[in-house]
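Each remark here refers to the structure printed beneath this line.
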There are 2 protein chains.
Amino acid sequence: MLFTTTTEYALRGLSELVMRGGATQPVLLADLVEGTDLPREFMAKVFQRLVKAGILHSAKGRGGGFTLARPGEEISMMEVLTALEGPQHFNGCVLGLDRCNDAMPCPQHDMYKPVRHRLRDYLTNTSISDLGTALHEKRRQLAEQAVVPSNGTARVK
Amino acid sequence: MLFTTTTEYALRGLSELVMRGGATQPVLLADLVEGTDLPREFMAKVFQRLVKAGILHSAKGRGGGFTLARPGEEISMMEVLTALEGPQHFNGCVLGLDRCNDAMPCPQHDMYKPVRHRLRDYLTNTSISDLGTALHEKRRQLAEQAVVPSNGTARVK
DNA sequence: CGATCAAAGGACTAAGACATCCTTTGAATT
DNA sequence: AATTCAAAGGATGTCTTAGTCCTTTGATCG
């Protein structure tokens, strides 16, 4: 809804990367996608773009793989979005007009502004480290749930 | 950003329709797009879909055109969005996962929830009448501005 | 140096979005 | 009934997005 498929893959891929220690040691694409439904070949293209955008670092050959180019705390969802879809995504009106101008003013500019602001806040203030941590935590909870599946004392959501 | 081009066109077209009295009398597509950059032929397709969705009513031949099928106050942006892009757009995670499940839980579900809620509120509580009114008002302001362009007493934004 | 490993990159296919053109249908006017 | 009007609908074309496959590049290990 908010992102293109490409951006969604990027964010999910980065979450996985962070969760697998990609902040410090290289992670292979093959390892990263295993157990997920992320399409390997396509992810390779997406990660290539992230390398060029200065978000990822890559190394070929043995001991290679992908690592974060910078600390994960410094990479926001917004930066990923911008790298892949361009910067203009948050400057336009709700209705997608190029410009709110004389010929066709955006009738919703004022009402949409606070909504967009909220959205922008979320995207700029959430880092891919946050995504990785949240993913890790979710999986931990699910694992715990699986171990004590029908025990009344276990908190199961 | 939020919508596909098709949905944007639909919302803009409906805004124009309402502004031109399409709530009560039929408006021709040709009239509706004139002075805008809305592509006539493509808009015809979009409006066809809105007719089938029960949002618009159409009439062929002389005296024909498009009118709202129901009062504009009762038609929300969300309804238009849903009619054109399907209902699943607001039920998913930020990351676009089909389901937040064991195999791949959404790492951001909880944090994104309030943001989505805000967005949903905006879209369900804004009707196409609101859009039409806002459009009309904006154009009125611009016209006023144009009449007294360099007069110090005129409030110009 | 040669083998192997893994990302980079090019070529290609499929599907969907966006857009236009032309014919058909149905209604109103003469 | 004939004409005209305007939307409905089918056919087609183009572009972008999504996705796969295969070759090349560059690094490391033996």
Side-chain angles (χ1 to χ4, degrees), chain A residues 1-14 17 20 22 25-34 36-69 81 83-86 88-89 96 98, chain B residues 1-14 17 20 22 25-34 36-69 81 83-86 88-89 96 98:
Chain A
M1 158 70 209
L2 281 182
F3 311 123
T4 63
T5 306
T6 296
T7 303
E8 281 172 13
Y9 283 159
L11 291 171
R12 288 171 56 194
L14 289 169
L17 184 75
R20 286 158 195 267
Q25 356 142 352
V27 176
L28 298 186
L29 201 54
D31 292 344
L32 192 143
V33 300
E34 112 166 356
T36 73
D37 61 348
L38 298 172
R40 203 218 119 108
E41 302 303 323
F42 189 68
M43 279 306 292
K45 300 292 186 193
V46 177
F47 269 28
Q48 267 182 54
R49 295 179 62 188
L50 295 179
V51 168
K52 284 176 183 158
I55 290 171
L56 286 180
H57 172 258
S58 68
K60 292 180 180 177
R62 211 160 287 177
F66 292 95
T67 47
L68 295 183
L81 175 67
L84 295 173
E85 301 183 34
Q88 76 291 357
H89 269 267
D98 290 350
Chain B
M1 157 73 210
L2 282 182
F3 311 122
T4 62
T5 305
T6 297
T7 303
E8 282 172 12
Y9 283 160
L11 291 172
R12 287 172 56 195
L14 289 169
L17 184 75
R20 287 160 193 266
Q25 357 142 349
V27 176
L28 297 188
L29 201 53
D31 291 343
L32 192 142
V33 300
E34 113 167 354
T36 74
D37 62 347
L38 299 172
R40 203 218 120 108
E41 302 304 322
F42 188 68
M43 280 304 294
K45 298 293 185 193
V46 176
F47 268 28
Q48 266 182 54
R49 294 179 63 189
L50 295 179
V51 168
K52 283 174 185 158
I55 290 171
L56 286 180
H57 172 258
S58 68
K60 291 180 180 177
R62 209 161 287 181
F66 292 94
T67 47
L68 295 183
L81 174 68
L84 296 174
E85 300 184 35
Q88 76 291 358
H89 269 267
D98 290 349

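Every chain is numbered from 1 and lettered A, B, ... according to where its sequence line falls, protein lines coming before strand lines. Scope of the values below: all heavy atoms of this structure, side chains included, with no hydrogens, waters or symmetry mates.
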So A:F47, base contact, sugar-phosphate only, or nothing? Heavy-atom distance under 4.0 Å.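 It contacts nothing in the nucleic acid.
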
Counting the atoms with a prime plus P, OP1 and OP2 as sugar-phosphate, which does B:A59 contact under 4.0 Å by heavy atoms, base, sugar-phosphate, or nothing? sugar-phosphate

Of the nucleotides D:dT4, D:dA18, C:dA19, which has the atom closest to the B:R62 side chain? D:dT4

Can you figure out which of C:dA8, D:dT20, D:dA7 approaches the side chain of A:F42 most closely? D:dT20

Is the side chain of [X] donor-acceptor paired with the backbone N or O of [Y] at a distance under 3.5 Å, no angle test?
X: B:R49; Y: B:L84; answer: yes
X: B:E85; Y: B:T4; answer: yes
X: B:R12; Y: B:T36; answer: no

Donor-acceptor pair (no angle test) under 3.5 Å: A:K45 side chain, D:dG19 base: no

How many whole angstroms separate atom [atom1] of [X] from atom [atom2] of [N]?
X: B:L28; N: D:dT4; atom1: CG; atom2: P; value: 18 Å
X: A:D31; N: C:dA7; atom1: CG; atom2: C1'; value: 14 Å
X: B:L29; N: D:dG9; atom1: CG; atom2: C1'; value: 15 Å
X: B:H57; N: C:dG26; atom1: NE2; atom2: C1'; value: 12 Å
X: A:L50; N: C:dG9; atom1: CG; atom2: P; value: 14 Å
X: A:L56; N: C:dA8; atom1: CG; atom2: P; value: 9 Å
X: B:M43; N: D:dA8; atom1: CE; atom2: P; value: 12 Å
X: B:L32; N: D:dA6; atom1: CG; atom2: C1'; value: 14 Å

Give a yes/no on whether any side-chain N or O of [X] is located under 4.0 angstrom from OP1 or OP2 of [N].
X: A:R40; N: C:dA7; result: yes
X: A:T5; N: D:dA18; result: yes
X: B:S58; N: D:dA7; result: no
X: B:Q48; N: D:dG9; result: yes
X: B:R49; N: D:dA7; result: no
X: A:K52; N: C:dG9; result: yes

Whichever of A:E41 and A:G63 has the more 5' nearest nucleotide on DNA chain D, that residue is A:E41

Nearest nucleotide by nearest heavy atom, which residue falls closer to the 5' end of DNA chain D, A:K60 or A:Y9?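 Looking at DNA chain D, the more 5' nearest nucleotide goes with A:Y9.
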
Determine whether B:T67 and B:V27 make a side-chain contact, defined as any pair of heavy atoms from C-beta on separated by less than 4.5 Å. no

Mind listing the closest non-hydrogen atom pair of A:V46 and A:A10 along with its distance?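 Minimum heavy-atom separation between A:V46 and A:A10: CG1-CB, 3.7 Å.
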
As an exercise, state the distance from CG of B:L14 to CG of B:L32, rounded to the nearest 0.5 Å. 8.5 Å

